[in-house]
Amino acid sequence: MKYLPLLGALLLSAAPTVADDFVYLKCDVEMTRTYEFPFKDQVDVEENSLVEYYKVDTANSRMMMANTAEWAEANIVDGVVIQNFDIVEDGFTLKGYSSMQISPPGVVDMDTTTSNDEVSMRVVVKGSCQSSDASAFQKALENPKPSVFEQHSSDE
């Protein structure tokens, strides 16, 4: 019985991605963005490989992507972060879902469509995540790279 606290300490120290209820992930993803411009009869498709860093606060059911540096509410069920989107704001409609396996790290899958009267953009993301740490997340936070949420280059 005196070895039980020692066993617990060893098990907790063996999981470097969990610290103070935070899970840090590095995700390698393939992203496809499809833009449809109905009034121009035009469709543009962009494909990119990206590396995304995430910090998941399991105690408060929220997550942050290093590129956006903003907390978003997250539904965490059986080690998977699940988000469903159905939002209308400022003339835009956003619908879709995302899921990310965080414990153990694994598959990330997202399919969203954002639209207004002039354009529709569908973003499909597929990839996998692996354990990371606070220092890698902090470095990505300080040096943001384009993310799956960046605007279309012709709109800038």
Side-chain angles (χ1 to χ4, degrees), residues 16-19 21-156:
T17 62
V18 179
D21 298 318
F22 292 120
V23 176
Y24 296 91
L25 300 168
K26 174 187 174 190
C27 302
D28 297 300
V29 299
E30 297 296 321
M31 185 263 317
T32 302
R33 274 191 290 208
T34 305
Y35 297 90
E36 292 186 39
F37 302 91
F39 296 112
K40 296 181 182 179
D41 236 6
Q42 177 182 352
V43 175
D44 292 343
V45 177
E46 296 177 2
E47 294 182 352
N48 293 305
S49 296
L50 302 169
V51 175
E52 302 280 4
Y53 288 86
Y54 293 89
K55 178 179 183 177
V56 181
D57 180 351
T58 58
N60 295 302
S61 298
R62 62 186 186 157
M63 66 186 295
M64 177 188 295
M65 185 166 62
N67 294 338
T68 60
E70 294 179 13
W71 287 109
E73 289 184 31
N75 187 18
I76 303 171
V77 179
D78 295 331
V80 179
V81 174
I82 300 168
Q83 295 177 305
N84 290 298
F85 309 100
D86 192 358
I87 303 166
V88 177
E89 187 175 301
D90 297 330
F92 284 90
T93 300
L94 170 66
K95 293 183 183 249
Y97 74 89
S98 70
S99 69
M100 177 186 306
Q101 187 174 341
I102 63 169
S103 182
V107 175
V108 59
D109 182 29
M110 181 176 90
D111 191 339
T112 63
T113 300
T114 306
S115 62
N116 65 8
D117 293 338
E118 298 175 17
V119 63
S120 174
M121 177 181 71
R122 181 176 182 204
V123 177
V124 177
V125 176
K126 306 271 184 205
S128 63
C129 299
Q130 58 194 15
S131 297
S132 188
D133 58 33
S135 64
F137 180 83
Q138 188 62 36
K139 184 176 178 182
L141 190 64
E142 293 168 0
N143 301 296
K145 305 268 189 269
S147 76
V148 297
F149 299 105
E150 294 294 319
Q151 293 295 319
H152 182 21
S153 58
S154 67
D155 293 341
E156 297 178 342

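Everything numeric here is computed off the predicted structure, so don't read it as measured data. We count residues from 1, following the sequence as given.
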Requested in this report: Might you work through the side-chain contact (heavy atoms from CB on, under 4.5 Å) test for Thr113 and Ser120, ending with a clear yes or no?
Outcome: CA-CA 7 Å; Thr113 300; Ser120 174; 3.7 Å; yes
Report task. Determine whether Thr112 and Met110 make a side-chain contact, defined as any pair of heavy atoms from C-beta on separated by less than 4.5 Å. Result -> yes
**Report entry** For the student: nearest non-hydrogen atoms of Ala74 and Val81, plus distance
**Finding:** CB-CG1, 3.6 Å
Query raised in the report: Using the ring of each side chain (for Trp, its six-membered ring), is Phe22 parallel, tilted or perpendicular to Tyr24, with breaks at 30° and 60°?
Result: tilted
Requested in this report: Answer yes or no: is there a donor N or O on one side and an acceptor on the other, between the side chain of Gln138 and the main chain of Leu141, under 3.5 Å?
Outcome: no
Query - Ser135 backbone acceptor or donor facing Asp133 side chain under 3.5 Å - result: yes
Report task. Of all the heavy-atom pairs spanning Leu25 and Ser132, show the shortest one and how long it is. Result -> C-CB, 3.7 Å
Query raised in the report: Are Glu30 and Lys126 close enough for a salt bridge, meaning some N to O gap below 4.0 Å?
Result: no
Report summary line: CE of Met63 to OG1 of Thr68, rounded to nearest 0.5 Å, is 9.0 Å
Requested in this report: Hey, could you give me the CE/CD distance between Met121 and Glu36, rounded to the nearest 0.5 Å?
Outcome: 12.0 Å
Query raised in the report: In a check of side-chain hydrogen bond (donor to acceptor under 3.5 Å, both in side chains) between Tyr97 and each of Asp86, Asn84, Asp111, Asp109, which one passes?
Result: Asp109
Query raised in the report: With a cut-off of 6.0 Å (strictly less than), are more than 12 heavy atoms of other residues, nucleotides or ligands near CZ of Arg122?
Result: no
Query raised in the report: Under a 4.5 Å cut-off applied to non-hydrogen side-chain atoms, are Ile102 and Thr58 in contact?
Result: yes
Query raised in the report: In Å and rounded to the nearest 0.5 Å, what is the CG to OG distance from Asn75 to Ser99?
Result: 11.5 Å
**Report entry** Intermediate values then yes/no, side-chain contact (heavy atoms from CB on, under 4.5 Å), Tyr35 and Glu46
**Finding:** CA-CA 9 Å; Tyr35 297 90; Glu46 296 177 2; 3.9 Å; yes
Query raised in the report: For the side-chain contact (heavy atoms from CB on, under 4.5 Å) test, which of Pro105, Ser103, Pro104 pairs with Gln101?
Result: Pro104
Report task. Would you name the heavy atoms of Glu52 and Met65 that are closest together and state the gap between them? Result -> OE1-SD, 3.2 Å
Report task. Give a yes or no on whether Asp117 atom CG has more than 12 heavy-atom contacts from other residues, nucleotides or ligands under 6.0 Å away. Result -> no
Query raised in the report: Is Tyr53 close to Lys26 at the side-chain level, that is, under 4.5 Å between some pair of heavy atoms?
Result: yes
Query raised in the report: Does some side-chain heavy atom of Tyr54 sit less than 4.5 Å from a side-chain heavy atom of Cys27?
Result: yes
Query raised in the report: Are side-chain heavy atoms of Asn48 and Arg33 found at a separation under 4.5 Å?
Result: yes
Report summary line: OG1 (Thr114) and CZ (Phe92) are apart, to the nearest 0.5 Å, by 8.0 Å
Query raised in the report: Considering all heavy atoms of both residues, which atom of Trp71 and which atom of Arg62 are nearest to each other, and what is their separation?
Result: CD1-NH1, 3.3 Å
